Amino acid sequence: MSASLSRPRVGVWLIGARGSVATTVVTGCAAVAAGLHPPTGMVTETPAFNDSGLPALSDLVFGGHDTLDCPLPKRAETLTAGGVLPPGIATAVAAELTAADREIRPGGPTPGDTRSEAELITAFADDIRDFLHRHELDRAVVVNVASTEPASQGPDSPLPASTLYALAALRAGCPYVNFTPSEGMHHPVAAREAEQSGLPYAGRDGKTGQTLLRSVLGPMFAQRALTVRAWSGTNLLGGGDGAALADPAAAAAKNAGKERVLTDTLGTTPQGETHIDDVPALGDWKTAWDHIAFDGFLGTRMILQTTWQGCDSALAAPLVLDLARLTARAHESGLSGPLDALAFYFKDPVGDAPSGLAEQYEALIRFGGRLREGEAGEGAAEREDAADGAAPPAREARGTGDRP
């Protein structure tokens, strides 16, 4: 491992803690920490992050919120039966899964829940503070891995659940990562509190498959001066995410990030749309197909087609672990505000960051170097100068608006 085992333990508080992604995160972390599997897919376990001061995988403590009541060991058995987890792993790390499951608290709002938004935020924040206190943790990172929700319908509509959790994270003094397309910290109410909190945050919408490939191919076409006329895509997926994205509003939120990558990397918006189809029989597996029509020299018309088939949870889990470790270290280093350098992991990253994967990777490696040197990270000096001093310490954030 790249971090010293003597470092203090760090909490990872998962929103959607009994879902497929969260279960794979907890299982995978325990398996890799025990040496049962290599850290495949974890960029933070490559030599570029040696001595960057990241918390060791064995020092991560898991908890979270969920509205489901299926215990993590049982959920891991289901994922094993579906081929998501390798045989025997859930049994080998059963103690770790049970320990994490004991730290999962009821989420919300649920049907019939009469609590106000302020009461929900307070309850969620109290759960996180209690987790920190009982485990004597220096810090915890809150990571949203819940199912995609539709965007809010305007300033007078109820706050989305993802934003309630984001506000709870801020008020508990914890940095926040939104791995979903849900609004979370992007909601104006949460954005105001984030600016005042002195806490780092990152997101949104983890880049695991189709958009990862688009962030490579888009710059390729632009750099080779090839004109892309149309770019269409289809996604077939099942599981909880497939069911959630069957809602057209949720699918629109998801597709916005996919399409933004093309506009940013190509410099124009090509014709074509991306469709998401819920196919329950596929379970946690997904297929993404792209059809790209482009012009070559003398207007010669050509086609590139790509097919990406993968397991969504296995693609997402190593990224979630990377983000938790990097964000925890950024918090320890005094970084506040949007973590631009983590754009490598997202379809719709916060802050000012390039959209091409190669440029994002270079920024991430530089970020690791600055963490190694004990600096706050890329862009921190400029933000500190603009604020006429060091970033404010983490504290309970209180909003300036009328919302809780």
Side-chain angles (χ1 to χ4, degrees), residues 10-26 29 60-70 72 75 100-110 113 115 117 120-132 137 139-152 158-187 189-190 193-194 197 199-206 208 239-241 244-245 250 253-254 312-313 316-317 319-324 327-328 345-346 350:
V10 170
V12 181
W13 190 263
L14 299 167
I15 309 303
R18 289 194 171 112
S20 297
V21 172
T23 305
T24 307
V25 166
V26 176
C29 182
L60 299 182
V61 183
F62 293 95
H65 283 113
D66 208 320
T67 57
L68 302 177
D69 57 8
C70 179
L72 283 180
R75 182 66 170 166
D101 192 70
R102 284 197 298 265
E103 298 299 332
I104 299 175
R105 300 294 177 262
T110 55
D113 197 331
R115 289 176 293 177
E117 291 175 346
L120 286 164
I121 294 167
T122 297
F124 298 156
D126 286 345
D127 289 337
I128 299 169
R129 291 193 194 96
D130 179 63
F131 174 69
L132 286 161
L137 304 175
R139 59 187 47 83
V141 179
V142 176
V143 187
N144 181 17
V145 290
S147 296
T148 301
E149 63 190 15
S152 60
L159 291 176
S162 62
T163 298
L164 299 178
Y165 289 120
L167 289 166
L170 294 175
R171 295 182 188 183
C174 296
Y176 172 84
V177 176
N178 187 4
F179 200 74
T180 81
S182 301
E183 203 154 4
M185 203 77 78
H186 276 63
H187 193 285
V189 172
E193 292 211 18
S197 70
L199 292 165
Y201 57 93
R204 68 181 166 171
D205 198 3
T208 58
D241 211 24
L245 293 171
K254 184 80 169 178
D312 202 40
S313 297
L319 309 188
V320 171
L321 289 169
D322 276 356
L323 286 162
T327 305
Y345 294 99
F346 298 106
V350 297

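The shown structure was predicted, so the numbers you read here are calculated from the model rather than taken from an experiment.
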Hey, what's the ring geometry for Phe124 with Tyr165, parallel, tilted or perpendicular (30° and 60° as the breaks)? parallel
Could you state the interatomic distance from CG (Leu60) to CG (Leu137), rounded to the nearest 0.5 Å? 10.0 Å
Partner residues of Tyr345 under the ring pair (Phe, Tyr, Trp, His ring centres under 6.0 Å) criterion, sequence neighbours left out: none
I'd like to check Tyr176 versus Leu199 (side-chain heavy atoms, cut-off strictly below 4.5 Å). Are they in contact? no
Go through Cys174 and Leu132 one step at a time and tell me if the side-chain contact (heavy atoms from CB on, under 4.5 Å) criterion holds. CA-CA 10 Å; Cys174 296; Leu132 286 161; 3.9 Å; yes
Do you know the tightest heavy-atom contact between Phe131 and Val61? CZ-O, 3.4 Å
The side chain to side chain contact (heavy atoms under 4.5 Å, CB included) partner of Met185 among Leu167, Leu170, Val350 is Leu170
Just how far is it from atom CG of Asp127 to atom CD1 of Ile104, taken to the nearest 0.5 Å? 12.0 Å
Donor-acceptor under 3.5 Å (Arg18 side chain, Asp66 main chain): no
Just one of Leu14, Leu319, Asp205, Asn144 clears the side chain to side chain contact (heavy atoms under 4.5 Å, CB included) bar with Phe179, so which one? Leu319
Given 3.5 Å as the limit, does a donor-acceptor pair link the side chain of Glu183 with the main chain of Pro160, or not? no
In the structure I gave you, are the side-chain heavy atoms of Thr180 and Ser162 within less than 4.5 Å of one another anywhere? no
Would you mind reporting whether Val143 and Val25 have side-chain heavy atoms less than 4.5 Å apart? no
Interatomic distance, Leu72 atom CG to Glu103 atom CD [nearest 0.5 angstrom]: 11.0 Å
Mind checking the CG-CG spacing from Asp101 to Asp69? Nearest 0.5 Å is all I need. 10.0 Å
Start with the C-alpha gap between Ser197 and Arg171, add the side-chain angles, then the distance that decides, and say whether side chain to side chain donor-acceptor pair (under 3.5 Å) holds. CA-CA 8 Å; Ser197 70; Arg171 295 182 188 183; over 6 Å; no
Does Ala316 offer a backbone N or O that forms a donor-acceptor pair with the side chain of Thr208 under 3.5 Å? no
All heavy atoms of Ala22 vs all of Gly16, minimum pair found to be CB-O, 3.3 Å
State, with a plain yes or no, whether a side-chain heavy atom of Leu120 is found less than 4.5 Å away from one of Asp113. yes
So, do Leu323 and Phe346 sit near enough that their side-chain heavy atoms are less than 4.5 Å apart? yes
Closest heavy-atom contact between Ser20 and Arg75? OG-NH2, 2.6 Å
Please name the pair of heavy atoms, one in Arg102 and one in Arg105, separated by the smallest distance, quoted to 0.1 Å. O-NH1, 2.7 Å
Between Thr67 and Gly108 the two heavy atoms that sit nearest each other are CG2-N, 3.8 Å
Spacing of OG1 belonging to Thr327 relative to CG belonging to Asp322, to within rounding of 0.5 Å: 10.0 Å
Does the Arg204 side chain pair with the main chain of Asn178, one donor and one acceptor, at a distance under 3.5 Å? no
Identify, with sequence neighbours excluded, every residue that meets ring pair (Phe, Tyr, Trp, His ring centres under 6.0 Å) alongside Tyr201. none
Closest approach of Gly184 to Thr163 (non-hydrogen atoms, all atoms of both residues): O-OG1, 2.9 Å
